[in-house]
2 protein chains.
Amino acid sequence: MTYQAIIFDAYGTLFDVYSVNALAEKLFPGKGSLLAATWREKQVEYTRLRTMSGMYKPFWEVTQDSLVFCCKKLGLALDLNAQHALMSEYAKLPSFPENLEVLGKLKDQGLKLAILSNANPEMLEVIVKAAGMDAFFSQLLSADSVRKYKTAPETYQLGTELFGLAAKNILFVSSNCWDVCGASWFGYQTFWVNRGKAPLEELGVTPNGNGDSLAALLAFVSKANDPA
Amino acid sequence: MTYQAIIFDAYGTLFDVYSVNALAEKLFPGKGSLLAATWREKQVEYTRLRTMSGMYKPFWEVTQDSLVFCCKKLGLALDLNAQHALMSEYAKLPSFPENLEVLGKLKDQGLKLAILSNANPEMLEVIVKAAGMDAFFSQLLSADSVRKYKTAPETYQLGTELFGLAAKNILFVSSNCWDVCGASWFGYQTFWVNRGKAPLEELGVTPNGNGDSLAALLAFVSKANDPA
């Protein structure tokens with residue numbers, strides 16, 4: 001068996017962040033999509049700056065800080081109601097429609113599954129439970145336990161420690177190409193869920209597999225693990 | 001004397017990256033500004049990912065990688081001539097008009113000056129010499145010598161080591177607010193050259209001073225170091 005376990009990123013990979021765009025557009029007509037995109041970029045930027053500088057702060061707070069900054073930058077008046085509404089949306093993102101069936105079939109093949117996310121444990125537990133996915137995962141691993149965000153090796157190491165497996169026997173799945181690169185650098189096999197048909201980052205990494213949904217992941221794993 | 005030395009960031013702080021926009025616009029009419037902005041963001045992103053993952057690569061190469069990615073993303077056909085032209089532009093950025101006078105007056109006040117940049121030494125030497133600024137600086141410090149980019153503490157530490165001073169006796173000057181935050185976290189006093197009137201990053205840091213040019217820096221330092 002090529003892969004003995006699979007580790008999933010959460011946001012964008014299992015959970016659809018599109019609903020944030022929709023709410024942002026409703027709150028700030030004509031500027032919502034820009035706000036949502038800028039917010040996501042700034043959120044990731046802050047995780048990296050804080051990790052490089054050893055200034056960890058939980059993901060929920062980083063998410064809030066980045067929302068406040070982006071509204072200031074775009075000249076949008078963010079009152080407490082709007083802030084609360086946008087943050088709440090982040091806490092209840094829908095999962096992609098194919099998830100449950102794919103996760104079930106992967107488990108049927110004897111694979112161990114986990115999530116490894118930048119989100120703090122409280123955020124992860126709520127969202128995974130709301131999507132009815134809690135039974136599928138051995139554990140929800142959070143960057144919070146090492147106080148460093150991806151792509152710090154200490155964060156990726158949570159996955160090898162959990163399963164007691166070498167990274168090369170674990171498939172790491174993410175919709176974020178930079179996350180795929182970080183995981184590959186760490187030593188994982190990787191699958192890129194490239195839902196938006198983005199070009200590959202120029203970081204010298206080629207994922208082991210890629211496709212436009214978790215259905216493509218299932219096909220990839222089934223083929224790789226087929227003894228025939 | 002409050003400040004005994006001043007350390008400057010290079011790109012955007014001492015050197016004007018605007019000329020890259022102009023050339024990009026000439027090569028890709030209607031998309032040049034977007035390319036230049038995206039290129040700069042991707043360049044910084046790659047420095048951070050490579051630093052967090054311990055996958056250092058010199059700044060010149062990171063700059064080239066990010067250019068290639070951005071052209072792919074924006075659907076722009078980047079032939080070798082265009083690539084060479086854009087990269088060459090980066091190597092000969094003009095300095096801001098007030099620089100020479102301000103640097104001279106700071107030196108006259110007995111302050112030691114240095115540059116601390118993500119750029120590799122070859123890039124720095126060429127650009128500083130072309131601007132006629134080489135006589136002002138004790139040294140051109142590069143992230144290359146520790147193979148980690150800002151905001152890694154190891155990079156900022158090059159400045160305290162050079163001058164043999166505590167960080168609190170050194171003023172760190174940058175036009176990049178994230179760089180100001182990283183330097184403040186490290187322990188430097190900081191001045192933000194906020195040329196674009198950007199909002200302050202939501203990172204819990206307030207620079208000791210800020211202004212829209214190096215002339216504002218001179219006024220700030222002169223006042224802080226005035227014994228009267």
Side-chain angles (χ1 to χ4, degrees), chain A residues 38-39 41-57 61-76 78 118 143 148-156 176-188 196-205, chain B residues 38-39 41-57 61-76 78 118 143 148-156 176-188 196-205:
Chain A
T38 316
W39 184 13
E41 275 171 30
K42 189 54 70 174
Q43 176 198 49
V44 173
E45 184 186 0
Y46 282 1
T47 64
R48 293 173 185 166
L49 289 170
R50 289 187 170 278
T51 298
M52 279 193 293
S53 290
M55 296 298 290
Y56 181 81
K57 205 177 178 184
E61 294 173 39
V62 166
T63 302
Q64 192 150 279
D65 290 344
S66 49
L67 173 61
V68 169
F69 175 84
C70 290
C71 286
K72 273 203 269 177
K73 189 180 174 191
L74 298 174
L76 305 173
L78 180 74
N118 274 345
K148 289 184 181 193
Y149 291 107
K150 304 176 195 174
T151 60
E154 294 88 338
T155 310
Y156 290 119
N176 300 299
C177 192
W178 58 265
D179 191 14
V180 165
C181 292
S184 297
W185 282 334
F186 179 77
Y188 286 118
K197 302 207 189 307
L200 186 68
E201 297 287 354
E202 291 288 324
L203 290 167
V205 169
Chain B
T38 317
W39 182 15
E41 277 172 28
K42 188 55 70 174
Q43 176 198 49
V44 173
E45 184 186 358
Y46 282 0
T47 63
R48 293 173 185 166
L49 289 169
R50 289 188 170 277
T51 298
M52 279 193 293
S53 290
M55 298 296 291
Y56 181 80
K57 205 177 180 185
E61 295 174 36
V62 166
T63 301
Q64 191 150 280
D65 290 345
S66 50
L67 173 61
V68 169
F69 175 84
C70 291
C71 286
K72 276 205 266 176
K73 189 180 174 192
L74 298 174
L76 305 174
L78 181 73
N118 274 343
K148 290 185 181 192
Y149 291 107
K150 303 177 196 173
T151 59
E154 294 89 338
T155 309
Y156 289 118
N176 300 298
C177 192
W178 58 265
D179 191 14
V180 166
C181 292
S184 296
W185 282 334
F186 178 78
Y188 285 117
K197 303 209 189 307
L200 187 67
E201 298 286 354
E202 289 289 323
L203 289 168
V205 169

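The figures here come from the full heavy-atom set of this structure, side chains too, leaving out hydrogens, waters and symmetry mates. In what follows, chains are A, B, ... by sequence order, proteins preceding strands, each numbered from 1.
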Specify the closest pair of heavy atoms between A:L200 and B:K72, including all atoms of both residues, with the distance to one decimal. O-NZ, 3.9 Å
Please classify the contact of A:Y149 with chain B as side chain, backbone, both or neither, using a heavy-atom distance under 4.5 Å. backbone
Taking the side chain as everything from C-beta on, heavy atoms only, tell me whether B:E45 gets closer than 4.5 Å to A:E45. no
Are any of the side-chain heavy atoms of B:L203 and A:D65 separated by less than 4.5 Å? no
Option in B:E154, B:R50, B:Q64 with maximal non-hydrogen atom pairs under 4.5 Å from chain A: B:R50
Just wondering, do A:S53 and B:F186 contact through their side chains at under 4.5 Å, heavy atoms? no
Taking NZ, NE, NH1 and NH2 as the nitrogens, is one of them in A:K42 or B:E202 under 4.0 Å from a carboxylate oxygen of the other? no
Would you say A:E41 and B:E41 make side-chain contact, with heavy atoms under 4.5 Å? yes
Nearest heavy-atom pair of A:W178 and B:L49: which atoms, and what distance? CB-CD1, 3.7 Å
Check whether A:T151 gets within reach of chain B through its side chain, its backbone, both or neither, counting any heavy atom under 4.5 Å. both
Can you list the steps and then say if B:M52 with A:K148 is a side chain to side chain contact (heavy atoms under 4.5 Å, CB included)? CA-CA 10 Å; B:M52 279 193 293; A:K148 289 184 181 193; over 6 Å; no
